[in-house]
Amino acid sequence: MPKKPRKGKYKLKTHKATAKRFRATGSGKLVRSKGGKGHLRRNRSKRAKGQLDTVVSVEGTGFQKRVKKLLPYINKNK
């Protein structure tokens, strides 16, 4: 028995590594956390370690386009 042809559009796949690194704020801005928190923090100053906890907004339209292409459903809330 042959398969029925599919109706509608295909679902797009989310790039999971990108989904773990970026998120969207309520206003739709893309933010990311800073890297370098895996190890070797023993020798850093308290101030330098504290600065790693902040979130940074993604600057540049080229980067934003790339992230939104990898995360097609990032702004679709629930």
Nearest atoms (heavy-atom pairs only) where Arg44 meets Lys49 | O-CE, 3.5 Å

For Gly36 against Leu52, the heavy-atom pair lying closest together | O-CD1, 3.8 Å

Is there a path of hydrophobic side-chain contacts, each under 4.5 Å between heavy atoms of I, L, V, M, F, W or Y residues, that connects Leu71 with Val31?
-> no

Lys69, NZ: over 12 other non-hydrogen atoms inside 6.0 angstrom | no

Over all heavy atoms of both residues, which pair between Ala24 and Asn75 is shortest? Give the atoms and the distance, please.
-> CB-OD1, 3.5 Å

Rounded to the nearest 0.5 Å, the OG1 atom of Thr25 sits from the CG atom of Leu30 at a distance of 8.0 Å

CZ of Arg66 to OG1 of Thr18, rounded to nearest 0.5 Å, is 10.0 Å

To the nearest 0.5 Å, what is the distance between CZ (Phe22) and CD (Gln64)?
-> 10.5 Å

More than 12 non-hydrogen atoms from neighbouring residues, nucleotides or ligands closer than 6.0 Å to NZ on Lys37, yes or no?
-> yes

Check Val56 against Lys34 and note the closest heavy-atom contact, atom names and distance.
-> CG2-CE, 3.5 Å

Is the shortest heavy-atom distance from the side chain of Val67 to the side chain of Arg21 under 4.5 Å?
-> no

Please round to the nearest 0.5 Å and tell me the distance separating atom NZ of Lys11 and atom OH of Tyr73.
-> 7.5 Å

Could you state the interatomic distance from NZ (Lys29) to CZ (Arg23), rounded to the nearest 0.5 Å?
-> 11.0 Å

